[in-house]
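As structure tokens, the structure follows; a few thoughts come after it.
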Amino acid sequence: MTDNHKRLVIPGPVEVRKEVLDAQTAWMIGHRSKAFEELFARLQEKLRKAFFTQSRVFVQGSSGTGLWEGASRNCIRDGKKALHLVGGAFSERWAEISQLNGKEVDVLAVDWGKAHTPDMVEEALKKASYDAVCVVHNETSTGVTNPIKAIGEVVHQYQDTLYLVDSVSGFLGAELRVDDWGIDFALTSSQKAFALPPGLAFAAVSDRVLARAAQVTNRGYYFDFLEIEASLKKNNTPSTPPVSLMFAADKQLDDVINEGLEARWARHTQMRDMTITWADNRGMGVFSQDGYRSPTVTTVSNGRNINVDDMAKFMGGKGFSMDKGYGKIKGKTFRIAHMGDMQPSTLEEVLSGLDEFLGV
Ligand SMILES: *Cc1c(COP(=O)(O)O)cnc(C)c1O
């Protein structure tokens with residue numbers, strides 16, 4: 001990789017280490033072979049550690065969006081509703097996906113940049129009954145991390161309500177404890193803080209989710225959780241999985257577990273704090289609400305009114321690929337991703353490159 005590769009500082013896909021990329025080049029194996037069963041079993045064991053769960057972890061050939069659709073489809077019964085907590089582009093899209101799958105949805109919205117609180121959720125749950133509460137752990141468009149543990153404590157008071165969490169850009173960067181926090185379904189994709197190439201999605205799945213799926217008639221096929229579970233029990237998948245990506249995941253999970261989950265979260269928090277300090281000291285500011293700022297991505301307010309296209313171009317010259325903001329806050333903000341295997345020393349290089357651009 002001596003070509004003109006730019007290191008990714010965008011919030012997905014993120015930079016993937018050479019060793020992890022190389023793991024994909026192992027000889028192909030058939031997915032109905034003993035070797036595959038062993039690979040799948042190894043992944044299960046490591047994924048359970050990474051999600052802090054005793055339950056199964058689905059490994060799916062798709063991006064995270066696929067498991068969004070799967071969750072909406074398998075967890076919400078006909079005639080019942082889901083409560084979607086919406087505060088950014090991704091939580092908005094998940095609510096839309098539930099609707100497009102014919103599900104009835106109530107939206108509990110907060111302004112972009114704000115977090116959802118347990119009180120808001122409690123109030124909503126008192127007013128109506130829901131099959132599921134759907135929340136995004138780390139809203140990548142705004143850089144907000146929601147209080148998943150505290151919201152879970154509220155959701156648990158309602159027995160029929162499943163707690164579904166999108167941790168696509170949180171998992172392996174922001175603290176997440178599936179069993180302790182009573183999460184029924186926690187999904188992620190490979191290309192964010194997991195620091196793998198895109199193409200795999202994962203979800204920790206509780207028994208309650210499977211019991212619910214059994215009560216839903218039209219689960220579809222590709223994301224039918226009962227089909228996936230039946231194969232998983234045999235250390236397999238219903239259809240052909242992206243085996244090469246699974247080799248990479250096997251390698252990456254070893255490294256993640258070696259680093260230690262808590263140490264990995266701490267490294268991300270350190271990089272968040274470095275970025276916030278930088279943004280504040282340069283008169284830029286941070287868009288997301290204080291107290292809920294994401295350890296994996298910081299949404300910088302464009303307080304100096306810089307031209308984000310010029311910034312990205314300048315940083316491209318330094319060998320970094322930068323984000324220019326997302327959705328309706330593009331330009332008014334831009335995001336600095338500090339997730340995956342990025343080290344604080346790399347982030348320092350990024351921030352000093354930005355200083356050079358600002359001329360400070
Ligand atoms: C990127 C992202 C998604 C979409 O995941 P894909 O893997 O691109 O389908 C969903 N939710 C959040 C919070 C994300 O950051």
Side-chain angles (χ1 to χ4, degrees), residues 8-16 57-73 82 84-98 100-101 109-110 112-116 133-148 151 164-176 183 185-204 222-223 241-242 245-246 248-249 252 268 272 287-288 292-299 321 323 325-330 333-340 342:
L8 302 180
V9 190
I10 53 175
V14 306
E15 190 73 358
V16 180
V57 180
F58 287 175
V59 179
Q60 194 66 27
S62 80
S63 80
T65 302
L67 283 177
W68 261 347
E69 186 149 282
S72 301
R73 206 148 175 156
H84 275 266
L85 312 192
V86 171
F90 290 102
S91 42
E92 205 168 279
R93 194 178 301 163
W94 191 7
E96 193 188 344
I97 287 172
S98 289
L100 290 170
N101 278 282
V110 293
W112 282 38
K114 298 282 186 289
H116 283 88
V133 169
C134 305
V135 57
V136 169
H137 180 199
N138 191 76
E139 180 47 82
T140 322
S141 59
T142 62
V144 167
T145 302
N146 276 307
I148 295 303
I151 293 173
L164 314 182
V165 177
D166 163 334
S167 190
V168 171
S169 64
F171 181 68
L172 299 184
E175 182 174 10
L176 180 76
I183 299 167
F185 185 85
L187 79 108
T188 195
S189 359
S190 50
Q191 77 280 9
K192 307 268 171 98
F194 209 147
L196 288 169
L200 272 177
F202 305 85
Y222 196 65
F223 296 103
L245 285 169
M246 292 166 80
Q252 176 65 345
H268 282 82
R272 172 196 65 192
F287 177 74
S288 52
Y292 299 94
R293 290 173 174 169
S294 164
T296 63
V297 57
T298 297
T299 304
S321 173
D323 169 72
Y326 194 96
K328 64 184 182 192
I329 54 173
K330 186 180 163 91
T333 65
F334 64 93
R335 297 170 302 170
I336 298 176
H338 31 77
M339 65 171 94
M342 183 187 272

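What's counted below: heavy atoms across the whole structure, side chains too, no hydrogens, waters or symmetry copies. Atoms within a ligand are numbered from 1 in the order they appear, just like the ligands themselves. Model, not experiment: these values are computed from the prediction.
Checked against the 6.0 Å centroid threshold, F90 and Y326 count as a close aromatic pair.
Within ligand 1, the atoms closer than 4.0 Å to a non-hydrogen atom of S63 are 6 (P), 7 (O), 9 (O), numbered from 1 in the order shown. Below 4.0 Å from some heavy atom of S189 lie the following atoms of ligand 1, by number and element: 5 (O), 6 (P), 7 (O). Remark: ligand 1 atoms within the under-4.0 Å shell around heavy atoms of K192 are 1 (C), 2 (C), 3 (C), 14 (C), 15 (O). Close contacts of ligand 1 with G64, meaning ligand atoms under 4.0 Å from a residue heavy atom, involve 6 (P), 7 (O), 9 (O). Ligand-side atoms of ligand 1 in range of V136: 13 (C), range being under 4.0 angstrom from any heavy atom. Annotation for ligand 1: atoms under 4.0 Å from non-hydrogen atoms of N138 are 13 (C). Atoms of ligand 1 lying under 4.0 Å from any heavy atom of T140, numbered from 1 in the order shown and given with element: 12 (C), 13 (C), 14 (C), 15 (O). Against a heavy-atom cut-off of under 4.0 Å, D166 is close to the following atoms of ligand 1: 10 (C), 11 (N), 12 (C), 13 (C).
The main-chain N or O of S288 is found under 3.5 Å from a side-chain atom of R293 such that the two form a donor-acceptor pair. Between the side chain of R335 and the backbone N or O of T140, at least one donor-acceptor pair lies under 3.5 Å. Checked by atom type and distance alone, the side chain of T296 pairs as donor or acceptor with a backbone atom of S169 at under 3.5 Å. In this structure a side-chain-to-backbone donor-acceptor pair under 3.5 Å is present from T299 to T142. Using a distance-only test at 3.5 Å, with no hydrogens or angles considered, a donor-acceptor pair links the side chain of Q252 to the main chain of F194. Remark: the backbone N or O of T298 is paired with a side-chain donor or acceptor of H338 at under 3.5 angstrom.
For W68, the closest heavy-atom approach to ligand 1 falls below 4.0 Å. At a 4.0 Å cut-off, at least one heavy atom of Q191 sits close enough to ligand 1 to count as contact.
T65 OG1, 3.9 Å is the protein heavy atom nearest to atom 4 (C) of ligand 1.
Judged purely by distance below 3.5 Å, without hydrogens or angles, the side chains of S72 and N101 never pair a donor atom with an acceptor atom.
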